Amino acid sequence: MNIKKVFNTKGGRLLVAAVLGAGVLVGVTVAANGAVRPDCKTLSYPLCARSVAASQVVDNSIPASKLVPGDRAAFLKNTDVYGKSGVSADFKAVTIDKIGGSFKTNKTKVGEFKLEPGTWLLNSTAFFARTTAGAPGTRPQLALRVGASDTAFGEDYGTILGAEISPAKDRELTGSTVKVVTVAKATTVEVFAFGYNDDAGSAGSGEIAASASVVAVLVG
């Protein structure tokens, strides 16, 4: 190309000005990014296929909706909507051996799950089923606790306790609870079943089964 002829034409001068202007803008952008995060680097677009590794994607900047179906399934496996680790646990039905008295000594263990350090949103559901006909007035309970023992109630990570269950056989009752908890270290959460009667009696003992499901979402 004859550079002298380019400069001698109006169109050539405009082209050169545009190229120089673009260079200034790119320089400003890179400089601005470097001022905020000196360790960051910019990319040139369009990108080549498979040129970005998963480890190079920061701050969840590529939403799952932009991934092809196969990759999206792998990306979301064992994660919540924020791309962070989640916990899901289902506990089979266990007969509530003792109703009434002290929760500390009479609770029935249903299961347990572990939370890693962080802030968690716990979504817990309970399903109570009367397997034997009995007296009216029993309110079954599901309790998520940390540190519960025969001498301590433990820290509450969610409690479901409400309406009376029907005294007729094969009747059911459900409930749910949502609670936000923060743990500083790996923590085991135990799930217990129990129940109360207004007269503090033991009616309903051995007559009601409790099962549960827990979904924990890491929110912080």
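The first residue of the sequence shown is numbered 1, and numbering continues consecutively from there. Nothing here was measured: the structure is a model prediction, and the numbers come from that model.
Residues satisfying the side-chain contact (heavy atoms from CB on, under 4.5 Å) criterion with Ile160, sequence neighbours excluded, are Ala126, Leu142, Thr177. Lys114 pairs by the side-chain contact (heavy atoms from CB on, under 4.5 Å) definition with Glu116, Ala186, Thr188, not counting sequence neighbours. In this structure, Asp97 has no salt bridge (charged side-chain N to carboxylate O under 4.0 Å, His left out) partners at least two apart in sequence or on a different chain. With sequence neighbours excluded, no residue forms a side-chain hydrogen bond (donor to acceptor under 3.5 Å, both in side chains) with Ser124. The side-chain contact (heavy atoms from CB on, under 4.5 Å) search around Asp199 returns Asn197, not counting sequence neighbours. Here Thr182 pairs with Thr119 under the side-chain hydrogen bond (donor to acceptor under 3.5 Å, both in side chains) rule; sequence neighbours left out. In terms of the side-chain contact (heavy atoms from CB on, under 4.5 Å) criterion, residue partners of Thr151 (sequence neighbours excluded) are, by chain and number, Ser149.
The heavy-atom pair separating Trp120 from Gly86 by the smallest distance is CZ3-CA, 4.2 Å. Of all the heavy atoms in Arg145 and Asp156, the pair that sits closest is NH1-OD1, 2.7 Å. Of all heavy-atom pairs between Ala216 and Leu122, the closest is CB-CD2, 3.5 Å. Lys98 and Asn106 make their closest contact through CD-OD1, 3.4 Å (heavy atoms, listed as atom of the first residue, atom of the second, distance). Summarising the geometry of Leu161 relative to Pro140, their closest heavy-atom pair is CD1-O, 3.5 Å, with the distance given to 0.1 Å.
In the hydrophobic clustering of ILVMFWY residues, with side-chain heavy atoms under 4.5 Å counting as a link, Val217 and Val180 come out together. Note on Val87 and Val214: same hydrophobic cluster, where clusters join Ile, Leu, Val, Met, Phe, Trp and Tyr whose side-chain heavy atoms are under 4.5 Å apart, directly or indirectly.
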Go through it in stages, so that I can follow the logic: the residues are Val181 and Val189, the test is side-chain contact (heavy atoms from CB on, under 4.5 Å), and I'd like the CA-CA distance, side-chain angles, deciding distance and then a yes or no. CA-CA 11 Å; Val181 299; Val189 182; over 6 Å; no
How far apart are the C-alpha atoms of Leu121 and Val178, what are their side-chain angles, what is the distance that settles it, and do they pass the side-chain contact (heavy atoms from CB on, under 4.5 Å) test? CA-CA 7 Å; Leu121 176 66; Val178 176; 3.4 Å; yes
Test side-chain contact (heavy atoms from CB on, under 4.5 Å) on Val94 and Thr108; report intermediate values, then the result. CA-CA 8 Å; Val94 174; Thr108 297; 3.7 Å; yes
Using the side-chain contact (heavy atoms from CB on, under 4.5 Å) rule, take Lys107 and Val191 through it: C-alpha gap first, then chi angles, then the decisive distance, then the call. CA-CA 10 Å; Lys107 60 188 180 297; Val191 182; over 6 Å; no
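With rounding to the nearest 0.5 angstrom, the CD atom of Gln141 is 6.0 Å from the OG1 atom of Thr159. To the nearest 0.5 angstrom, Ile165 atom CD1 is 8.5 Å from Thr138 atom OG1.
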Without placing hydrogens or testing angles, list every side-chain donor-acceptor pair under 3.5 Å for residues 204-213, not counting sequence neighbours.
{"unit_1": "Ser205", "atom_1": "OG", "unit_2": "Ile99", "atom_2": "N", "d": "2.9"}
{"unit_1": "Ser205", "atom_1": "OG", "unit_2": "Ser202", "atom_2": "O", "d": "2.7"}
{"unit_1": "Glu207", "atom_1": "OE1", "unit_2": "Arg130", "atom_2": "NH1", "d": "2.8"}
{"unit_1": "Ser213", "atom_1": "OG", "unit_2": "Asp90", "atom_2": "OD1", "d": "2.7"}

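For residues 167-195, the salt bridge (charged side-chain N to carboxylate O under 4.0 Å, His left out) pairs, not counting sequence neighbours, are Lys109-Glu190. Residue pairs that meet the ring pair (Phe, Tyr, Trp, His ring centres under 6.0 Å) test with at least one member in residues 154-197, sequence neighbours left out, are Phe103-Phe194, Phe194-Tyr196. The list of salt bridge (charged side-chain N to carboxylate O under 4.0 Å, His left out) pairs with a residue in residues 131-141, not counting sequence neighbours, reads Arg139-Glu164, Arg139-Asp198. Sorted pairs that involve residues 211-220 and meet salt bridge (charged side-chain N to carboxylate O under 4.0 Å, His left out), not counting sequence neighbours, are lacking altogether.
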